[in-house]
Amino acid sequence: MNTIPPQGQQPPYRHLVRLPAGDLSVYAGQELFAALDYKVFEMANNNLQIPGIRYMSYTPDVHVGVGTCIGTTAVWDEADGYVSPSIVGSDIGCGMRVHLTPLHKDDIRDVKLRRKLVKTIEKYLPMEANQRGHYGDIRLEHIVRKGLHGLPKKYIPDSYTPKKSTSLSHVERSKFTYDEEVLNLVEEAAWHRAHRQLGTLGGGNHFAEIQTLEIAESSREIAEAWGMFDGQVAVMIHSGSRAWGGYVSRMSSAAIAKAMHRLGLGTSDPNLKFAPLEHPEGLHYVNMMYSALNYAVVNRHLIAYSIREAFRDVFGPACEFRTLYDLMHNYAWSEQHEQHGNVFVHRKGATRALPAGHPDNPKPYQETGHPALIPGSMGTSSYIMVGQSGGYDNFYSICHGAGRARSRTATKRLVSLSDFEQALGVGTAEEVVVNQRSLESIIDESPQAYKNVDEIIDSVTGAGLAAVVAKCKPLAAVKGAK
DNA sequence: ATGTAC
């Protein structure tokens with residue numbers, strides 16, 4: 001294994017790993033790189049055997065997943081390219097959303113007020129497993145076909161909307177267009193389930209957090225242009241496409257497995273599924289995946305709408321709730337790159353962070369670059385970043401979070417309830433208020449389950465991929481039940 | 001991740 005410092009970069013942050021099947025770029029500081037599980041390299045070697053792969057890299061938060069690591073960027077030429085449901089992952093369209101309020105952290109310094117806020121959020125946002133969403137009046141068909149543009153107008157309120165633009169322009173993409181014929185094959189039960197679940201958070205690492213911003217001095221100008229200020233209360237949401245994405249992933253993976261058998265394709269890992277983009281099974285997956293991306297962006301929009309209702313209850317109806325941004329970290333789509341032309345880019349647990357002036361920035365962020373939203377673990381900070389030109393070589397991919405350090409079962413063995421309470425500051429004035437009555441039920445989400453997000457962020461900034469605009473400190477967290 | 005599961 002060679003560690004070659006690319007030209008013009010600090011040696012420790014990018015490692016070129018020459019594997020038997022091809023080259024892998026790993027963006028990670030020296031210590032994180034040295035600590036990587038050898039299994040992530042085995043996995044890379046399998047992924048690199050998919051025909052025609054042009055580029056593959058890992059982010060510093062990389063860890064083992066099913067078929068492909070979480071933290072992967074993998075690129076094909078669009079012509080004769082391949083698509084892989086394993087390099088998208090099963091929570092298709094999973095991603096982050098941030099809203100800005102006019103409140104200052106001093107406005108919710110009182111622990112009791114934070115409790116009240118969390119309780120009120122629970123009134124509007126269902127979080128029990130199997131609990132149905134509050135959006136039965138919305139036609140699921142419109143959502144999966146048209147994304148945010150399929151929403152009834154009343155769900156796109158003015159105060160959700162920064163002046164002189166619409167909240168629909170403050171998202172990575174508001175609508176995915178595809179061959180809607182594929183929807184005819186979806187089973188009735190899947191429609192039904194997904195309709196019931198619309199606007200719900202889900203379990204596992206999904207969350208909604210009330211946070212307060214600390215602006216990075218070196219990015220103050222950008223922060224102000226984005227409407228952010230020191231001490232501002234913001235809401236960060238992490239969720240995906242719920243059972244709809246799971247259904248798409250399961251059905252397509254089964255169909256693609258059959259196609260692979262027919263075509264004589266495969267690697268030593270039976271969980272790594274892929275098909276040529278132009279074959280019926282590949283095309284079908286891409287179409288269905290886009291329906292799930294539409295579902296996911298609407299789901300986060302509606303979760304935010306529910307939380308906005310709670311803020312209006314507690315702080316009055318004048319409390320603004322502006323959309324800062326919404327973006328994904330599990331998806332594949334076409335992009336144009338200066339040097340590479342039309343490419344098909346997969347990101348699994350990787351966030352796109354475009355720099356200032358890049359033409360793919362949505363209009364409101366054309367001049368600054370768009371916000372890249374990076375969650376930490378519960379009780380630790382999250383980050384709002386912006387891409388730098390140094391991201392060019394990596395197709396502008398950066399990390400997607402802290403990255404799991406140990407499995408859920410290992411975490412439950414290792415972490416005691418009092419460890420977890422201490423991490424959340426339970427009993428102190430700074431307590432991160434959590435909605436779950438029993439912390440024990442979410443102990444596998446304790447900070448000890450994750451890597452230190454600050455080190456991950458250091459790797460990203462050190463490599464010149466992105467810069468920190470604001471650090472987001474948690475004040476309260478809302479987690480779904482298993 | 002998921003109304004899991006060859």
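Each chain gets a letter, A, B and so on, in the order the sequences are listed, and its residues count up from 1. Excluded from the calculations below are hydrogen atoms, water molecules and symmetry mates; all remaining heavy atoms, backbone and side chain alike, are included.
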Exercise for review: Please identify each residue that fulfils side-chain contact (heavy atoms from CB on, under 4.5 Å) with A:A332, with sequence neighbours left out.
Suggested key: A:V88, A:M289, A:F344, A:H346
Practice item. Look at the side chain of A:R408 and decide which nucleotide, out of B:dA1, B:dG3, B:dA5, has an atom nearest to it. Key: B:dA1
Exercise for review: Would you indicate which nucleotide in B:dA1, B:dA5, B:dG3 comes nearest to any side-chain atom of A:R250?
Suggested key: B:dA5
In whole angstroms, how far is the [atom2] atom of [N] from the [atom1] atom of [X]?
| X | N | atom1 | atom2 | answer |
| --- | --- | --- | --- | --- |
| A:K348 | B:dA1 | NZ | C1' | 10 Å |
| A:L201 | B:dT2 | CG | C1' | 14 Å |
| A:Q197 | B:dG3 | CD | P | 4 Å |
| A:N205 | B:dT2 | CG | C1' | 12 Å |
| A:M251 | B:dT2 | CE | C1' | 15 Å |
| A:I92 | B:dA1 | CD1 | P | 15 Å |

Check your understanding: With no angle test and no hydrogens, is the base of B:dG3 tied to the side chain of A:R242 by a donor-acceptor pair under 3.5 Å?
Key -> no
Heavy atoms under 4.0 Å, any strand shown: does [X] hit a base, just sugar-phosphate, or nothing?
| X | answer |
| --- | --- |
| A:G203 | sugar-phosphate |
| A:G202 | sugar-phosphate |
| A:G204 | sugar-phosphate |

Point to revise | Pairing residues for A:Y55 by the ring-ring contact (aromatic ring centres under 6.0 Å, His included) criterion, not counting sequence neighbours | key: A:F395
Exercise for review: With A:D326 as reference, evaluate A:R300, A:R173, A:H301, A:H99 under the side-chain hydrogen bond (donor to acceptor under 3.5 Å, both in side chains) test and give the passing residue.
Suggested key: A:R300
Point to revise | A:D77 and A:R54 ion-paired at < 4.0 Å | key: yes
Check your understanding: According to a strict under-4.0 Å criterion, is A:N330 in side-chain N/O contact with OP1 or OP2 of B:dA1?
Key -> no
